[in-house]
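Along the sequence shown, the residues carry numbers beginning at 1. For the numbers below, each heavy atom of this structure counts, side chains included, while hydrogens, waters and symmetry mates do not.
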Amino acid sequence: MAVAGGPCLLTVALAAAWISAAAASSSPEQAGRSQKSINCIPCSRTYIGDEYLYTFTDQLTPHRGLAEMSDSGELCKGLTDAVEVPTLSELHRQLVGEGSHRRLVYSVKFGARQDAMVNFLDGYDAHLVIIEKLPNGVFADPFELQHFVERKVFLDVAVFGDTNLELPSALSNRSTVEIHFDLKPSTLTNCNIVIDLPLHARYPPLDASGHATVEFGSPDLLLRYRKKEISSGSCLWVLKDLEAAPVEKAAWRIPCGDEAHIGFVSSVTFLSALVCSMSIVLAILVF
């Protein structure tokens, strides 16, 4: 009996040791993912911007002003305990419109029940944060977006990167739009939100095909929340990465000039300007 049970006990012991080793090796990775999914920042910090991109996507950026985000475990203590935070259920994005002025339409659905969402919003100020990294050749007008804030469509909005609206595509750099949407029971319909972002195309380089195509990558979504009625001295925002799955790529075909037509267009433009100038001079001399 004892001899027969020896190999069985040895097998069980080896299996237990292997499971323990696997759990120990995976726990740092899980802790790292948890560290990335939840961070805390002071309420005095309005935007996330480049600092968010560095921490959550491991992309090097020239500025890193939010040192708290890279090591915010101490700041977050007690803020995420026993809190049923809404999770992202669905995300759809569509490029709508024609020509050089279009809209990115986001359809966001939370996985929480309507009553659970209302209970969460009763105790917390919560904002949905969308960070859209625009491709080269497309820009968002900061002045236009501020009108959305004034009309209370967005809670806040910021554009980072190249904000020169006059530059053509060849001379411009990429930019990023950060949208803050205030989550309230009145703004939710069955936990659904629809958000429009107006965008504009820059003048692309000349191409024989007559069109230039730009593609949008997947946006980043976060939930920013804090307890209501909290003192300003200890006020912290909790940032939860909603870990949105990649959405289908949106492609924008922007009309551009054909290099073969440069001579004809330049000649017609020069003659038109010359005729107009001579007409003005003649009108001045006659009258």
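- Counting only heavy atoms from C-beta outward, the side chains of Phe139 and Leu199 never approach each other to under 4.5 Å.
- The pair Arg93-Glu132 counts as a salt bridge, with a side-chain nitrogen and a carboxylate oxygen less than 4.0 angstrom apart.
- Within 6.0 Å of the CD atom in Glu248, the count of heavy atoms belonging to other residues, nucleotides or ligands exceeds 12.
- Taking SG of Cys235 as the reference point, atom CG of Asp125 lies at 8.5 Å (rounded to 0.5 Å).
- Closest heavy-atom contact between Leu171 and Leu167: O-CD1, 3.6 Å.
- Ring geometry for Tyr124 versus Tyr225: interplanar angle over 60°, hence perpendicular rather than tilted (30 to 60°).
- The minimum heavy-atom distance between Lys240 and Pro86, with the atom names listed, is CE-O, 4.5 Å.
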Q: Might you work through the side chain to side chain donor-acceptor pair (under 3.5 Å) test for Glu178 and His180, ending with a clear yes or no?
A: CA-CA 7 Å; Glu178 179 178 335; His180 292 205; 2.6 Å; yes
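- Summarising the geometry, atom OG belonging to Ser107 is positioned 9.0 Å from atom NZ belonging to Lys109; distances are rounded to the nearest 0.5 Å.
- Val247 and Val105 end up in different hydrophobic clusters when Ile, Leu, Val, Met, Phe, Trp and Tyr side chains are linked at under 4.5 Å.
- In this structure, Pro219 and Leu221 have side chains that are in contact, with non-hydrogen atoms separated by less than 4.5 Å.
- Salt bridge status for Asp220 with Lys133: present, with a side-chain N to carboxylate O gap under 4.0 Å.
- Separating the CZ atom in Phe148 from the CD1 atom in Ile195 is a distance of 11.5 Å, to the nearest 0.5 Å.
- Closest non-hydrogen pair, Ala251 versus Glu215, comes out as CB-CG, 4.2 Å.
- In this structure, CG on Asp182 lies 4.5 Å from NE2 on His127, to the nearest 0.5 angstrom.
- Among Val108, Leu128, Val85, Thr87, the single residue meeting the side-chain contact (heavy atoms from CB on, under 4.5 Å) criterion with Leu242 is Leu128.
- Here the CG atom belonging to Leu134 is positioned 8.0 Å from the CG atom belonging to Leu104, to the nearest 0.5 angstrom.
- For the pair Pro198 and Asp141, the minimum side-chain heavy-atom distance is 4.5 Å or more.
- In the hydrophobic clustering of ILVMFWY residues, with side-chain heavy atoms under 4.5 Å counting as a link, Leu95 and Ile130 come out together.
- Under the 4.5 Å side-chain criterion, counting only non-hydrogen atoms from C-beta, Asp156 is in contact with Tyr47.
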Q: May I have the step-by-step check of side chain to side chain contact (heavy atoms under 4.5 Å, CB included) for Arg102 and His200, ending in yes or no?
A: CA-CA 6 Å; Arg102 302 193 182 184; His200 310 276; over 6 Å; no
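- Under a 3.5 Å cut-off, the side chain of Arg226 and the backbone N or O of Ala126 do not form any donor-acceptor pair.
- Between Ala140 and Leu145, the shortest heavy-atom contact is CB-CD1, 4.0 Å.
- No continuous path of hydrophobic side-chain contacts links Val118 to Leu183 [ILVMFWY only; heavy atoms under 4.5 Å].
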**Q.** Residues Phe110, Ser89; criterion side chain to side chain contact (heavy atoms under 4.5 Å, CB included); working and verdict
**A.** CA-CA 5 Å; Phe110 288 95; Ser89 175; 5.8 Å; no
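- Taken together through direct or relayed side-chain contacts under 4.5 Å among Ile, Leu, Val, Met, Phe, Trp and Tyr, Leu155 and Val149 form parts of separate hydrophobic clusters.
- Atoms CD and CG, on Glu144 and Leu197 in that order, are 9.0 Å from each other to the nearest 0.5 Å.
- The closest side-chain heavy-atom distance from Val238 to Lys227 is not below 4.5 Å.
- Residues Phe181 and Val129 form no side-chain contact, since every pair of their non-hydrogen atoms from C-beta on lies 4.5 Å or further apart.
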Q. Side chain to side chain contact (heavy atoms under 4.5 Å, CB included) between Ile131 and Thr176: does it pass, once the steps are laid out?
A. CA-CA 7 Å; Ile131 296 182; Thr176 299; 3.5 Å; yes
Q: Using the side chain to side chain contact (heavy atoms under 4.5 Å, CB included) rule, take Leu236 and Ile41 through it: C-alpha gap first, then chi angles, then the decisive distance, then the call.
A: CA-CA 6 Å; Leu236 292 173; Ile41 60 173; over 6 Å; no
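- Looking at Leu91 and Ser218, their side chains never come closer than 4.5 Å, going by heavy atoms from C-beta outward.
- Closest approach of Lys228 to Leu121, counting heavy atoms only: NZ-O, 3.0 Å.
- In the hydrophobic cluster analysis, where Ile, Leu, Val, Met, Phe, Trp and Tyr join through side-chain heavy atoms closer than 4.5 angstrom, Val96 is grouped together with Val194.
- Ring planes of Trp252 and Phe216: parallel class, angle under 30° (limits at 30 and 60°).
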Q: Decide side chain to side chain donor-acceptor pair (under 3.5 Å) for Tyr106 and Asp196; before the verdict, give the C-alpha distance in whole Å, the side-chain angles of both, and the deciding distance to 0.1 Å.
A: CA-CA 6 Å; Tyr106 305 87; Asp196 284 15; over 6 Å; no
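- Residue Leu88 comes nearest to Glu90 through the heavy atom pair CD1-O, 3.6 Å, listed as atom of the first residue, atom of the second, then distance.
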